[in-house]
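Heads up, the thing below is written out as structure tokens.
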Amino acid sequence: MTKYLPKEFEDKIKDLWNKEKVYLTEKPSSPQATAGKGKMYCLSMFPYPSGSGLHVGHVRIYTGTDVLARYFKMSGYDVLHPMGWDAFGLPAENAAIKAQKNPLDIVPGNIATFKRQMQSLGLSYDWSREFSTTDPEYYRWTQWLFIQFFKMGLLYKKNTPINFCPSCKTGLAEEEVLPNGTHERCGKPITKKDLPQWIFRITTYADRLLKDLDGLDWPEGILTMQRNWIGKKEGINITYKIVNSNDQIPIGEIICFTTAPVNFGMTFIVVAPEHHLVKKIIEGKIKVSATERKNVTDYYEKSIKKTDIDRQAEGREKTGVFTGLYAYNHVGGWNVPVWVSDFVVGHVGTGAVQGCPGHDYKDFEFAQKFKLPIIRVVEGKNGDRSPIERADQVIVKGMKGKMMNSKFLDGLDFAEGLEKTMDYIEKNSWGKRVASYHLRDWIFSRQRYWGEPIPMVFCESCAKKGISWWDTKAGKSFQKEHQSISKVDQSIQGEMAGWFPILEQSLPLKLPYVKSYEPTGTGESPLSQMTDWVKEACPECGLSARRESDTMPNWAGSCWYFLKFASSDDQNEIHFPWKKEDLKHWLPVDWYLGGAEHAVLHLLYARFWVKALQDLGLLDFSEPFLKLRNVGMVLAEDHRKMSKSFGNVINPDDVVAEFGADALRIYEMFMAPFNMEISWSTAALQGGYRFLNRIWQIYHNSAKIDGRGDDEGTKTLINSLYKTIHKVEKDIPQTKFNTAIASMMEFLNEWEKGSMALPYTEAKKFLQILSPFAPFVAEKLWREIYKESTSICISPWPSVKQEDLMSSYRNIPVQVNGKVRGVITLVSQASQAEAEQKALKDEKVNKYLEGKTYKTIYVQGKILNFVIKN
RNA sequence: GCCCGGGUGGUGAAAUGGCAUACACGCAGGACUUAAAAUCCUGUGACGAAAGUCGUGAGGGUCCGACUCCCUCCCCGGGCACCA
């Protein structure tokens, strides 16, 4: 008896696959590609190649995608299954700083390790399409795309605060700041520092990003999270005239955004400390009494200095001061006081809130604290019209009730009353219905070395003359060509004077090599210190100009990598890097698998870029990922995250060495539904190994694989095999890998029993359905037992006819009053009368029915239920 | 506080309105072995001698029938957080 020793053949099989090039993608025009069922683009979120090598969590997602890719290939689809590296980013940079090396010298080694590990797992990638986001030949196009987005008016520069550590004199990413507001490395408190940064106008795509979610086959939870992140709210902007205490002459306006204009119950207005009105009061441009001005100034100073920690420490206790100003509530017909408070956030809505304390919890708290009047305008439960004195009496939007104290609205339902109010306000031109979004513009600058250099140049001289790129010849012709999209804001055009893209022919703008680099001390990018690199002639006037020294964020490379994989083109020419036929053939991505931690940002950004590219006429689809499935995390055996500091890390190399790649794959696919979190279990892994060992043994037992096929036992076994094949092919596209494997185990149990044997050619089919999960052992037996010379990976999936799945007999549970009392075997087409007759012969069933009157419920092929009447 | 997941044997889990616990792990007993490992066989939700009763986080509801659908609540995990 030969033993199952995966170590002895897995490497050889891997070499065979490489030699035979079984994973190479067909060209779109090839006969293989056009003859089959069509294309299938299977993609996993590509990894950041860290120094610690592949994690068993990587193994899970990549095996899942691999099972799909292998299954679709065998089923006659033209499959694209690529892999690459998302190698820019903070962790590599920090590791490099620590090691006093350049990331350029570290990353290639990490990639090599990842690739070796992936190959040892038998992942069926077409490595001819491999690339890293850090390859100049790749990021040249990332930079090119940046330039196109700039031309569209989607990018602008603006002073925006960054996190800054005054002690380390360095800018920090959000993730380097601890929750208590200190720097994770030195423990000192961080501050904010204003720096001019590139910002993406993603908000102009908010509506499309929201609407297009409807057509996607994504997990409901992820869709909801995207919707909430975009956070569209339909409401109304209402403009209020401002007067001060002394006279009634309007001296300004406040615009309030609200989704629930309960204006007959409005008794005050609150503005955020950042509101322009506050600034005007402090500067004396709006006159209020000296005390009030001092109060507002003090409150402003205090709240602007407040860090998030201070705010949290104060909890929900409301603070604020009266500004001395009043606003005219034209709906109600009275003046309301204007307050300033930091519970109103500057960047949400208009930064000003109309206070309707009877019908909003926060307004209620504020009114209570500062003794502001509370008016009830909606009846409570059972027509309660009493004054609102407690939080639980507050009637907020969404609750039911009739309007009261609201003149022409009285008696209407609350929801209807709000609509009527908005109509009324619009009719009088006091306000306008608008949508407000949670989504904000995307800060795209990083003051870091390890990212794509932003390919822009700033010319002082052109800036002084007010010349923007859109004033140039190229700019004008671009706008002419793209009239529908390039409605570049006048404000952006003005602010961007002096900024020009570098010449596209000179791309890539390479990241300069330096041995090591220190933080600049100013929070600026290390590139800003490289005076030679930063110098460049202005593309417009030729005078000396300065290159942008910020780099792009890690997201940039992952926003379009799925497009690059589709390219079969060589990179010799300067044009957008994909042939139209490649694009048309492969995109969009059919299957996208990845962790739920990317539920919002990565997916949103990639969707945004695709839409912008569509507007540029470069793509003819609007959504990159048709089907999305999540993979659950793999925790350590102790249910904690795997981490060096816990000493609970499992290295896939060790597992492969001990149990083989197939056992690891089977284990990770079998342990739980694909999208659920699992904790590692070496014991359970051994179960996977045992399963494969039993398969190995049965194929080396000739009595088991040369059954005659004409006796009843063999027929039954073949029928079970067909059912298993059917179950597996139904489960794989639902990513139900665990139940697919369970059904194969079940079949193997049956096959092993007694003298049951499969005919030689039928037994072959079991190897084929096993091969997506355990490709090494399936390939080995395929070649050894069946003497095949071409790979099992490209063999056609064993199809099963529908009639082969029908078995004529069914076991039907028999219930009395819903409790199971027996089981009968019936022809599947049996009538109710036949079923009843048979069931009554069963003593156990009969016992309960004797002498009783009952009715019968019969669902053919499923259940027979007797219900006793009394 | 809000949003998103989840709660079924000793453990990972299966069943999406029709025999609750498939499959696997673990455990117990047995076979093989001088012995161990490996392998194989048998058993394994709880209570009960058995008949049987109970049992899918808790309580209620719909239904002939509920892990599955509806309502109320509890617990665990993740995300956001004074979002107008």
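Note that the structure is a prediction, hence the values are computed from the model and not measured. To find a chain, count down the sequence lines: A is the first, B the second, and so on, and within it residues start at 1.
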Take the protein atom [atom1] of [X] and the nucleotide atom [atom2] of [N], then report the distance between them rounded to whole Å.
X	N	atom1	atom2	result
A:Arg60	B:rG12	CZ	C1'	11 Å
A:Glu658	B:rA37	CD	P	17 Å
A:Phe773	B:rA24	CZ	P	16 Å
A:Lys819	B:rG18	NZ	P	18 Å
A:Arg821	B:rC64	CZ	P	19 Å
A:Lys862	B:rC64	NZ	P	18 Å
A:Leu604	B:rG79	CG	P	19 Å
A:Ile863	B:rA20	CD1	P	8 Å

Side chain of [X] (C-beta onward), nearest among [options]:
X	options	value
A:Ala683	B:rC25, B:rC4, B:rC82	B:rC25
A:Val859	B:rC3, B:rA13, B:rG18	B:rG18
A:Met676	B:rG12, B:rG6, B:rG18	B:rG6
A:Lys362	B:rG18, B:rA24, B:rC82	B:rC82
A:Asn228	B:rC25, B:rC3, B:rG12	B:rC3
A:Asp342	B:rC25, B:rA15, B:rC82	B:rC82
A:Val820	B:rA24, B:rA22, B:rC19	B:rC19
A:Met671	B:rG12, B:rC83, B:rA14	B:rG12
A:Phe670	B:rG18, B:rA15, B:rG12	B:rG12

Please list, one pair per line, the donor and acceptor atoms closer than 3.5 Å that link side chains of residues 740-749 of chain A to other protein atoms, with sequence neighbours excluded.
{"unit_1": "A:Ser743", "atom_1": "OG", "unit_2": "A:Ala740", "atom_2": "O", "d": "2.8"}
{"unit_1": "A:Asn749", "atom_1": "OD1", "unit_2": "A:Arg694", "atom_2": "NH2", "d": "2.4"}

Pick the [atom1] atom in [N] and in [M], then give their distance to the nearest Å.
N	M	atom1	answer
B:rG12	B:rC4	P	26 Å
B:rG59	B:rG5	P	25 Å
B:rG61	B:rU53	C1'	25 Å
B:rA38	B:rU33	C1'	11 Å
B:rC76	B:rC40	P	42 Å

Base, sugar-phosphate, or nothing for [X], non-hydrogen atoms under 4.0 angstrom?
X	answer
A:Thr259	sugar-phosphate
A:Asn749	sugar-phosphate
A:Asn738	sugar-phosphate
A:Asn865	base
A:Arg694	sugar-phosphate
A:Val867	sugar-phosphate
A:Lys397	nothing
A:Glu746	sugar-phosphate

>> Measuring centre to centre across the rings, with the benzene-like ring taken for any Trp, is A:Tyr689 within less than 6.0 Å of A:Trp696?
In response: no
> Looking at A:Phe370 versus A:Phe268, is the centre-to-centre ring distance below 6.0 Å?
Replying inline: no
> Of A:Trp229 and A:Ala672, whose closest RNA chain B nucleotide lies nearer the 5' terminus?
Replying inline: A:Ala672
> Quick one: on RNA chain B, does A:Lys753 or A:Gln354 contact a more 5' nucleotide (nearest heavy atom)?
Replying inline: A:Lys753
> Is it the case that A:Lys318 places NZ or CZ above or below the six-membered ring of A:Phe343, under 6.0 angstrom from the centre and within 45 degrees of the axis?
Replying inline: yes
>> Checking A:Tyr854 against A:Asn817: is there a side-chain donor and acceptor pair closer than 3.5 Å?
In response: no
>> Between A:Ser720 and A:Glu750, do the side chains contain a donor N or O and an acceptor N or O under 3.5 Å apart?
In response: yes
> Taking N and O atoms by type only, does the side chain of A:Lys318 place a donor or acceptor under 3.5 Å from a partner on the base of B:rC82?
Replying inline: yes
> Where does B:rG12 land, syn or anti, given syn is within 90° of 0?
Replying inline: anti
> Picking from A:His330, A:Gln354, A:Glu253, what satisfies side-chain hydrogen bond (donor to acceptor under 3.5 Å, both in side chains) with A:Tyr240?
Replying inline: A:Gln354
>> Distance check, rounded to the nearest 0.5 Å: A:Ile242 atom CD1 versus A:Ile269 atom CD1?
In response: 6.0 Å
